[in-house]
Amino acid sequence: MWRKLRRSQAVRTLLGRGMASYLRFVWRSSRVVMEPANLHELADQQLPMILTFWHGQHFLTPFLVKPHHRAKVMISRSRDADVNAIAAEALGIGTVRGSGAQGRNFHEKGGLNATMEMIRNLQEGCNVAMTADVPKISRVVGLGVVTIAKHAGRPIYPVAIATSNRILAKSWDKAAIHLPFGRAAVVAGDGVRVPADADAETLEAARREVQRQLEEITARAEALVGRPSAGSRAGSAEDGAGSSAGGVHTGSLNA
């Protein structure tokens, strides 16, 4: 039945707008804490920036954007993703359609065009947002976000959002379905800057630093809403090693 329904643009539009209304209700009914507390004031000094987060943990990120911010988010071209794109646009966020898929599927899924468009938007002063992990490889940062940072010359800021009331979907990314009337925590990382002349080794060091910061702030966000951390991904110590190697610099919202 869903296969037939999802072909209908009217159905996808209804679902997307309904999702936007529901997420707005969840956000407004939640008690939100941010770290750092003056997150928006500090972020204004770093614009435009690349906001990045884990797959499945992104549904409330549109509410971090203030009215004076210009922002676009990368969303895949799939029919199911149309609902997410419609919801984002209903919440005032522009969309760039393409996938972070790797290998031969990169071109087929619009990855190259989407990457170029993200870089162009940053150069024109528009903030961009994207998941750090590529489809089907949950909680492992891909090279896409650091490659965009290299060519656009703009900082990456990882962000994690957790809520005390949620249901985890049985999907590959364990997507969080947020529920209203609870606590919500927003935690930002220190940021990562990638030099324009970054070679493969430097890009890998930047990727590992984004990985480290996302793992760290995700655990902190979960702790702030009263949920014990399940522990970071195996091997994260190695991923975090040498975070300033190869010319990669951690940024700072306080910079």
Side-chain angles (χ1 to χ4, degrees), residues 9 12-13 16-17 19-20 43-44 46-137 140-159 173 189 191-198 200 202-204 206-207 210 214 251:
Q9 183 60 43
R12 295 199 298 271
T13 299
R17 291 178 178 173
M19 178 189 290
D44 279 346
Q46 305 293 333
L47 304 180
M49 65 170 62
I50 304 164
L51 198 68
T52 195
F53 34 78
W54 291 133
H55 255 283
Q57 305 298 314
H58 59 283
F59 294 110
L60 294 177
T61 53
F63 302 102
L64 302 182
V65 178
K66 291 301 184 182
H68 64 283
H69 295 158
R70 294 170 56 210
K72 291 188 177 183
V73 61
M74 184 187 290
I75 298 177
S76 80
R77 292 178 172 180
S78 71
R79 283 178 176 171
D80 289 342
D82 278 352
V83 174
N84 289 336
I86 292 165
E89 290 172 357
L91 294 171
I93 307 297
T95 57
V96 173
R97 303 304 298 270
S99 175
Q102 301 186 93
R104 63 184 181 183
N105 289 332
F106 183 70
H107 293 279
E108 295 173 4
K109 298 194 175 184
L112 179 60
N113 288 340
T115 297
M116 297 303 295
E117 188 173 346
M118 294 284 268
I119 293 169
R120 184 165 55 252
N121 276 289
L122 285 162
Q123 292 172 339
E124 294 174 354
C126 181
N127 302 289
V128 302
M130 63 185 295
T131 52
D133 43 351
V134 298
K136 310 303 180 183
I137 309 177
V140 178
V141 174
L143 286 171
V145 64
V146 295
T147 300
I148 289 173
K150 169 185 173 176
H151 292 289
R154 300 310 305 161
I156 303 167
Y157 282 102
V159 65
D173 58 358
V192 177
R193 287 185 177 271
V194 184
D197 61 351
T202 303
L203 284 174
E204 173 60 17
R207 187 201 68 78
V210 175
L214 273 169

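As a basis for the values below, the full set of heavy atoms in this structure was taken, side chains included, without hydrogen atoms, waters or symmetry mates. The model shown is predicted, which means the values in this text are computed figures rather than measured ones.
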Chi angles and distances behind the side chain to side chain contact (heavy atoms under 4.5 Å, CB included) call for I93, T95: CA-CA 7 Å; I93 307 297; T95 57; 5.8 Å; no
Let me confirm one number: the [atom1]-[atom2] distance from [X] to [Y], rounded to the nearest 0.5 Å.
| X | Y | atom1 | atom2 | answer |
| --- | --- | --- | --- | --- |
| Y157 | I50 | OH | CD1 | 11.0 Å |
| E117 | C126 | CD | SG | 9.5 Å |
| T147 | I119 | OG1 | CD1 | 8.0 Å |
| L143 | L203 | CG | CG | 6.5 Å |
| N113 | R120 | CG | CZ | 8.5 Å |

For residues [X] and [Y], determine if any side-chain heavy atom of one lies less than 4.5 Å from a side-chain heavy atom of the other.
| X | Y | result |
| --- | --- | --- |
| V128 | V73 | no |
| T131 | W54 | no |
| R97 | D82 | yes |
| L64 | V159 | yes |
| P155 | V192 | no |
| L91 | F63 | yes |
| N121 | M118 | no |
| M19 | N84 | yes |

- [ ] Please test Q9 against T13 for side chain to side chain contact (heavy atoms under 4.5 Å, CB included), starting from the C-alpha separation and ending with a verdict.
- [x] CA-CA 6 Å; Q9 183 60 43; T13 299; 3.3 Å; yes
- Any donor and acceptor pair, going by atom type alone, linking the side chain of D133 with main-chain N or O of V140 inside 3.5 Å?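 No, D133 side chain to V140 backbone: no donor-acceptor pair under 3.5 Å.
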So, the side chain of R154 versus the backbone of A149: is there a donor-acceptor pair under 3.5 Å, distance only?
->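 Flag not set: sc R154 to bb A149 has no pair under 3.5 Å.
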So, for [X] and [Y], which heavy atoms are closest and what is the spacing to 0.1 Å?
| X | Y | answer |
| --- | --- | --- |
| T52 | L214 | O-CD2, 4.1 Å |
| I86 | G16 | CG2-CA, 3.8 Å |
| G142 | V134 | CA-CG1, 4.4 Å |

Self-check item: Distance-only polar pair, side chains of H69 and D44, donor-acceptor under 3.5 Å
Solution: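 A pair is found: one side chain offers a donor N or O, the other an acceptor, under 3.5 Å apart.
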V96 and side-chain contact (heavy atoms from CB on, under 4.5 Å): which partner among M116, M130, K72?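 The single option meeting the side-chain contact (heavy atoms from CB on, under 4.5 Å) with V96 is K72.
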Chi angles and distances behind the side chain to side chain contact (heavy atoms under 4.5 Å, CB included) call for V145, R207
CA-CA 8 Å; V145 64; R207 187 201 68 78; over 6 Å; no
_With side chain to side chain contact (heavy atoms under 4.5 Å, CB included) as the criterion, how do R12 and R17 come out once you've worked through the C-alpha distance, each side chain's angles and the decisive distance to 0.1 Å?_
CA-CA 9 Å; R12 295 199 298 271; R17 291 178 178 173; over 6 Å; no
